[in-house]
Amino acid sequence: MPGFTTRPQLRGDFGMVASTHWLACGTGMSVLERGGNAFDAAVAAGFTLQIVEPHLNGPGGEVPIIFQPAEGRPQVLCGQGVAPAGATIKAYTALGLDRVPGSGVLAATVPGAFDAWMLLLRDHGTMTVRDVLDHAIGLCERGYPVLERIARAINTVAPVFTRYWPGSAELYLPHGIAPIPGTRLRNPALAGLYRRIITEAEAAGADREAQIEAARHAWSQGFVAEAVDTFLSSPVAGPTGEPQQAFLTAQDMADWSASFEEPTNVDHGPYTVHKTGPWGQGPVMLQQLRLAESLGVGDGVHARGDVDFVHRVVEAAKLAFADREAWYGDPDFTDVPLTELLSTEYADRRATLVDKEQASLEQRPGSVDGRAPFLPALHLADGTHEDRTTGEPTVANSFSPTDQRGDTCHVDVVDAAGNMVSATPSGGWLSSSPVISDLGLPLGTRGQMFWLDPASPNALAPRRRPRTTLSPTLVTREDGRAILAIGTPGGDQQDQWTFTALLRILHGVEDLQQALDTPMFHTNAFPSSFHPRETVPGDLAVEPGVGEETIRELRRRGHRVRVTGAWSLGRLATVARDPDSGELRAAADARGSQGYAAGR
């Protein structure tokens, strides 16, 4: 259906890269042009994103990856590090805490991104460690452009850097003040880290896989882990100067490695949608798909502001996200009844709760197999504070001005052979934890997603993965061939914005850019995954493009509507391939003014 687009959908047959930053797209295309495949390109783009979007991810963070080789099956690569061996609920409550902090080293889990990217390169790529780190090192040494959002993030936490985090001040306040948008920042310490990794990798000999294994060892058992251990051996200042003794150690890093696993999926018409397991929130999208089918959602997909479409999608999301809190967690530690949660019978029962004329203000998780759902204690927010998940990582939450939210980035790649990758790197944000000067990176704070209630399926425990919001998506058709990769930053909203765009694409919006450009919406009417875990009952954020008439009707139905700024919700990226013709397509969200697609 014809409609407004901000830029053309890309079409070609050689290769496509779409991401949240144009320099990552350029890196990915450079690798493809040099003979690399989609996996090589994704790895190189992922390392570039760590440099150019330091407010959204970093080397100390994590990454879930969903991919499919041209002649293989979809797989998930889990780059989500686990809780340290010493991180127990008792250890946190002994500190007087009822929630894991959102900032500082107490929330650090094992950094997982590096090992995951190296594992993908080893098993599915064709290039060397030097090849995929080359662009990232160059940007560290020559400098990368400071986006307005980077400058804003640094400016917000500059007082913390100046008073408590000298490593962060040295790196991000090079002249004692926050950098101005349009200037350039460098990270020589991180460049040195990567150059040393390359040296140690190449010392292992000419064999590509041996080099990659040496690089992995240098990170998790070598000089990187040693530097982390040394930094954390004594208390480290938190964001208000209080000393924090981290639980993370070099042994925790040595004991963990990234791993491959089967995706979770459901069929939707002639397609199969693949997500991570319930250690991520990915299955919530699959529950939304089942509810959409039961509610007949789809007829209003093409409409820019169809009130019934928005209402039903939002009400279904409330049910699915209530189930997320009630049932999702690391399946290695908790019994997640995923088969039942993703069944059509369960969706049909849940769909009867949706009042087509009235918004729900309640948390309504479902009972499964006679088991009572976990109901977390709710920390209510009134909905008048700044939107907690519009992709803006610098906004302090409504409870603590020093508690900064991080965000995420995304990259999708497809090559001519049909290899396809979707990855959502995150964590290790510049505002979340102090920079380790010798390494040029802060650690992540993903531990804040655990509950300190032992009844929760996502309760903190040693060696457990926190249930994350990171949620890449891969779609295959009936013959098993990959046709679409898609994703977005946005915390809890990832599987709302992606879900809406995916419905549009799978139900007839052939122009990928149009599917992304259509006005977006989401709800915060469930517990946030981020400290302090607040809930905003009845909340509905909408872009003004949905239309005044739709907004009025949504309010009449009881939604507590907040009209956001135009072009403010989501930063989607997507690539697609037609297995019959070999045509490739790509698009990237204009929101945020930095996401682009590249290809030919």
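Under 3.5 Å, the side chains of Gln50 and Asn57 contain no donor-acceptor pair of N or O atoms. For the residue pair Thr469 and Asp492, no side-chain donor N or O sits within less than 3.5 Å of a side-chain acceptor on the partner. Judged by distance alone, the side chains of Thr249 and Asp252 do bring a donor and an acceptor atom under 3.5 Å apart. Residues His410 and Thr20 bring no donor and acceptor atom of their side chains to less than 3.5 Å of each other. Tyr346 and Asp323 share a donor-acceptor pair across their side chains, judged by distance under 3.5 Å alone. For the residue pair Arg324 / Gln281, a side-chain donor-acceptor distance below 3.5 Å is found, with atom types taken as modelled. Side-chain atoms of Gln496 and Gln288 form no donor-acceptor pair, as typed in the model, at a separation below 3.5 Å. Checking Glu53 against Trp429 by side-chain atom types alone, no donor-acceptor pair falls below 3.5 Å.
One finds no salt bridge joining Arg290 and Asp348 here, because no Lys/Arg side-chain nitrogen approaches an Asp/Glu carboxylate oxygen to under 4.0 Å. Under the 4.0 Å criterion applied to side-chain N and carboxylate O atoms, Arg312 and Glu315 are not assigned as salt-bridge partners. In summary, Glu148 and Arg152 engage in a salt bridge, as defined by a charged side-chain N under 4.0 Å from a carboxylate O. Ion pair Arg350/Glu340 not flagged as a salt bridge, since none of the NZ, NE, NH1 or NH2 atoms sits closer than 4.0 Å to an Asp/Glu carboxylate oxygen. Salt bridge absent: Arg557 and Asp355 never bring a charged side-chain N and a carboxylate O closer than 4.0 Å. Classification of Asp115 and Arg216 as a salt-bridged pair holds, one side-chain N sitting under 4.0 Å from a carboxylate O. The pair Arg467-Asp330 fails the salt-bridge criterion, with no side-chain N (NZ, NE, NH1 or NH2) lying under 4.0 Å from an Asp/Glu carboxylate O. Comment: Asp369 does not engage Arg371 in a salt bridge, judged by the lack of any side-chain N to carboxylate O separation of less than 4.0 angstrom.
Among all heavy-atom pairs drawn from Ser294 and Ala347, the shortest one is OG-O, 4.0 Å.
The CG atom of Leu286 sits 8.0 Å away from atom CG of Leu338, with the distance rounded to the nearest 0.5 Å. Interatomic distance, Gln363 CD to Lys318 NZ, rounded to the nearest 0.5 Å: 9.5 Å. Within the model, atoms OG of Ser528 and CD of Glu534 stand 5.0 Å from one another, a figure rounded to the nearest 0.5 Å. Residue Ile486 holds its CD1 atom at 11.0 Å from OG of Ser471, rounded to the nearest 0.5 Å. How far OG1 of Thr93 is from CG of Asp453: 11.5 Å, rounded to the nearest 0.5 Å. Rounded to the nearest 0.5 angstrom, His55 NE2 and Leu147 CG are separated by 6.0 Å.
For the pair Trp279/Asp332, no side-chain contact is recorded, criterion being any heavy-atom separation below 4.5 Å from C-beta on. Within the 4.5 Å cutoff, side-chain heavy atoms of Pro472 are placed close to those of Pro64. At a threshold of 4.5 Å between non-hydrogen side-chain atoms, the residues Ile65 and Val76 do not count as touching. Annotation: side chain of Leu378 is in contact with side chain of Pro527 (closest heavy-atom distance under 4.5 Å). Put simply, the side chain of Pro239 reaches to within 4.5 Å of the side chain of Gln244, judged on heavy atoms. Using a 4.5 Å cut-off on side-chain heavy atoms (C-beta onward), Ile89 and Tyr92 make no contact. Side-chain contact between Phe161 and Leu430 is present, with at least one heavy-atom pair separated by less than 4.5 Å.
Proximity of a side-chain donor or acceptor of Trp165 to a complementary backbone N or O of Ala237 within less than 3.5 Å is detected. Judged purely by atom type and a 3.5 angstrom limit, Arg571 has no side-chain atom pairing as donor or acceptor with the backbone of Pro489. In terms of modelled atom types and a separation under 3.5 Å, the side chain of Ser367 and the main chain of Gly370 share no donor-acceptor contact. Judged by distance alone, the side chain of Ser360 and the main-chain N or O of Glu362 form a donor-acceptor pair under 3.5 Å. The main-chain N or O of Thr468 is never found under 3.5 Å from a side-chain atom of Arg446 such that the two would form a donor-acceptor pair. A distance-only check finds a donor-acceptor pair linking the side chain of Glu543 to the backbone of Ser568 [under 3.5 Å]. The backbone N or O of Thr240 lies less than 3.5 Å from a partner atom in the side chain of Glu242, making a donor-acceptor pair. When atom types are taken as modelled, the side chain of Gln245 and the backbone of Leu232 share a donor-acceptor pair closer than 3.5 angstrom. A donor-acceptor pair is defined here as one N or O able to donate and one able to accept, closer than 3.5 Å; no such pair exists between the side chain of Thr334 and the backbone of Pro331. The closest donor-acceptor contact from the side chain of Tyr328 to the backbone of Val284 lies under 3.5 Å.
Taking the ring centre of Trp256 as origin, the terminal cationic atom of Arg463 falls outside the region bounded by 6.0 Å and 45° from the ring axis.
Within a 6.0 Å radius of CD in Gln358, more than 12 heavy atoms belonging to other residues, nucleotides or ligands are found.
Note: Phe114 and Phe47 meet the aromatic proximity criterion, with ring centroids under 6.0 Å apart.
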